[in-house]
Amino acid sequence: MKKAFLVVALAILSLSMVFAAGSKEEGSTKGQYVIKTGIGYNDQSLQYKTLEFMKAHLEDATEGVVTMELYHSSTLGDDLAILEGLQLGTVEMFCGTIGPASQWSNAVKLFDLPFLFTSYEEVDALLDGPVGQEVLDSLKPAGMIGIGYWENGFRQLTNSKRAVRTPEDIVGLKLRTMPTPVPLATFKLLGANPTPMNFGEVFTALQQGVVDGQENPWETILANKFYEVQKYATNTGHVYSPFGVIFSQKFWDKLPAEYQESVREAVFAARDFNRAKARESEQEIIAELSKYMEITILAPEEIKPFQELTRPVYDQFAEEIGPELVQKAIDFLENL
Ligand code: TK8
């Protein structure tokens, strides 16, 4: 009697183990896929809040099967290190300014061209359309899967020396630029003394006077407290920097199709959150910054001389970026 009971119990036990193993193979275990990502900005930044939004959305949609591990303030490395991590498969996602990815694809330099965009309408149409897709796809051979774009924003110039109203005011300023060639060429044309540097080193470099100035969107100037070490700001808006949301192909290929779809959806939901928040708070941010900085607001006709002086950058880089792509972008924006 006892023996018969034991046999039945064992049979039930082994059967349930088979089922448990079965469901695991289908990939539905909590925390089975972990997306690790890191940014240069701190946890007060909208970029970090956008990541938190994506994490909540994705973990909810996949019932915790796909989770996210977030790092800020360059603790996981700077933009270039994260991009290298995608290739190695040590990091799953990148969402920094796409510019530094130009090390792997020249097409990415398109967005560094000065004064390419003049409005958010143009930004959204180009990035979310075929040109934006072509740039993302150009990273595929490097083992990077580009899904979409979030907003870093129009870049504005700050410095510790003087108010900038005209291009002449920039002459001789030591400026930090992103570690990518187009901004370097742009600021050389304006007569500045540009130094490429990773974002993680910028605050200290400004504080110690290694450089006089930098350029980044209003929100970054506020969230990263650049106003503590920069007295002057001007709305140059010389470049719109998109954040590129890019995954490691090594990770992507392991992710079952249904979860790839969940990730895509979460990236786009976070994009909509990010753009809406960034744009609704812009004026408030400028008002807040003006408590600490002398802000120069230029009218569109005052921006023109900056535009004219930096125009040669287009010819300098068109060959490298791909003349057809540059023309396609210009035509697309003109016909909007
Ligand atoms: C921060 C970087 C940064 C960029 C820079 O995560 O280096 O100035 O604007 O966005 O991606």
Side-chain angles (χ1 to χ4, degrees), residues 36-52 54 68 70-86 91 93-104 108-109 111-114 116-117 123 127 139 144 146 148-159 174-184 186-187 192 194-207 210-227 229-230 233 236-246 270-271 274-275 278 285:
K36 193 166 46 177
T37 187
I39 58 172
Y41 293 169
N42 62 25
D43 59 352
Q44 298 306 302
S45 64
L46 178 59
Q47 187 184 22
Y48 193 73
K49 288 171 188 148
T50 304
L51 275 174
E52 287 181 315
M54 179 182 164
M68 290 185 77
L70 313 179
Y71 296 84
H72 58 81
S73 308
S74 304
T75 47
L76 199 64
D78 52 62
D79 288 343
L80 286 170
I82 307 264
L83 287 161
E84 276 160 18
L86 296 185
V91 180
M93 175 179 148
F94 171 84
C95 66
T97 300
I98 199 169
S102 67
Q103 205 153 306
W104 292 274
V108 163
K109 293 178 186 152
F111 304 130
D112 286 329
L113 291 174
L116 178 68
F117 296 107
V123 164
L127 294 181
L139 288 160
M144 300 176 187
Y149 298 96
W150 292 348
E151 180 149 298
N152 191 2
F154 282 98
R155 302 178 82 92
Q156 322 292 354
L157 185 67
T158 71
N159 81 95
K174 283 184 280 172
L175 292 181
R176 174 271 174 173
T177 62
M178 283 194 289
T180 174
V182 182
L184 194 75
T186 303
F187 283 100
T195 314
M197 194 185 289
N198 287 321
F199 185 79
E201 290 141 45
V202 178
F203 189 92
T204 311
L206 293 170
Q207 194 171 36
V210 175
V211 289
D212 304 319
Q214 65 86 45
E215 36 86 65
N216 252 301
W218 293 121
E219 203 267 334
T220 305
I221 299 165
L222 181 66
N224 288 274
K225 297 196 160 54
F226 285 167
Y227 58 83
V229 288
Q230 296 281 270
T236 48
H238 50 281
V239 156
Y240 174 92
S241 281
F243 287 136
V245 187
I246 304 166
R271 174 194 68 193
N274 162 261
R275 285 182 184 165
I285 289 171

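Numbering of ligands and ligand atoms starts at 1, following listing order. Below, all heavy atoms of this structure are taken into account, side chains as well, without hydrogens, waters or symmetry copies.
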> Heavy-atom distance under 4.5 Å between the side chains of Thr186 and His238, does that happen here?
Replying inline: no
> What protein heavy atom is closest to atom 10 (O) of ligand 1, reported as residue, atom name and distance in Å?
Replying inline: Thr97 OG1, 2.7 Å
>> If we set the cut-off at 4.0 Å for heavy atoms, which region of Asn216 has an atom near ligand 1: side chain, backbone, both, or neither?
In response: side chain
> How does Gln214 reach ligand 1, by side chain, by backbone, by both or by neither, if only non-hydrogen atoms under 4.0 Å count?
Replying inline: neither
> Backbone, side chain, both or neither: what part of His72 comes under 4.0 angstrom of ligand 1, heavy atoms only?
Replying inline: neither
Would you give me the side-chain donor-acceptor pairs under 3.5 Å for residues 36-43, sequence neighbours excluded?
| from | atom 1 | to | atom 2 | distance (Å) |
| --- | --- | --- | --- | --- |
| Lys36 | NZ | Thr90 | O | 3.1 |
| Thr37 | OG1 | Met93 | O | 2.7 |
| Tyr41 | OH | Asn152 | OD1 | 3.0 |
| Tyr41 | OH | Asn152 | ND2 | 3.2 |
| Tyr41 | OH | Asn216 | OD1 | 3.0 |
| Tyr41 | OH | Thr220 | OG1 | 3.1 |
| Asn42 | OD1 | Gln44 | N | 3.0 |
| Asn42 | OD1 | Ser45 | N | 3.3 |
| Asn42 | ND2 | Ala223 | O | 2.9 |

> Heavy-atom distance under 4.5 Å between the side chains of Trp150 and Leu46, does that happen here?
Replying inline: no
> When you look for heavy atoms under 4.0 Å from ligand 1, do you find them on the side chain of Thr220, its backbone, both, or neither?
Replying inline: neither
>> Within the 4.5 Å heavy-atom criterion, are Ile285 and Ile221 side-chain neighbours or not?
In response: no
> At a 4.0 Å threshold, what atoms of ligand 1 neighbour a non-hydrogen atom of Gly96?
Replying inline: 11 (O)
> Can you check whether Thr97 reaches Phe199 side chain to side chain, under 4.5 Å on heavy atoms?
Replying inline: no
> What do you reckon, are the aromatic ring centroids of Tyr240 and Tyr149 less than 6.0 Å apart?
Replying inline: no
> When rounded to the nearest 0.5 angstrom, what is the spacing between OH in Tyr48 and SG in Cys95?
Replying inline: 11.0 Å
> Is there at least one pair of N or O atoms, one from Tyr41 and one from ligand 1, spaced under 3.5 Å apart?
Replying inline: yes
> So which heavy atom in the protein is nearest atom 8 (O) of ligand 1, and how far is it from that ligand atom?
Replying inline: Arg176 NH1, 2.7 Å
> What atoms of ligand 1 come within less than 4.0 Å of a heavy atom belonging to Gln47?
Replying inline: 6 (O)
>> List ligand 1 atoms under 4.0 Å from Phe243, heavy atoms only on the residue side.
In response: 10 (O)
> Where is the nearest protein heavy atom to atom 11 (O) of ligand 1: which residue, which atom, and how far?
Replying inline: Asp79 OD2, 2.7 Å
>> Going by salt bridge (charged side-chain N to carboxylate O under 4.0 Å, His left out), name the residues that satisfy it together with Arg155, two or more places apart in sequence or in a different chain.
In response: Glu215
> Relative to the heavy atoms of Asn152, which atoms of ligand 1 are at a distance of less than 4.0 Å?
Replying inline: 9 (O), 10 (O)
> What residue and heavy atom of the protein are closest to atom 6 (O) of ligand 1, and at what distance?
Replying inline: Gly40 N, 3.0 Å
> What's the shortest heavy-atom distance between Met144 and Leu86, and which atoms?
Replying inline: CG-CD1, 4.2 Å
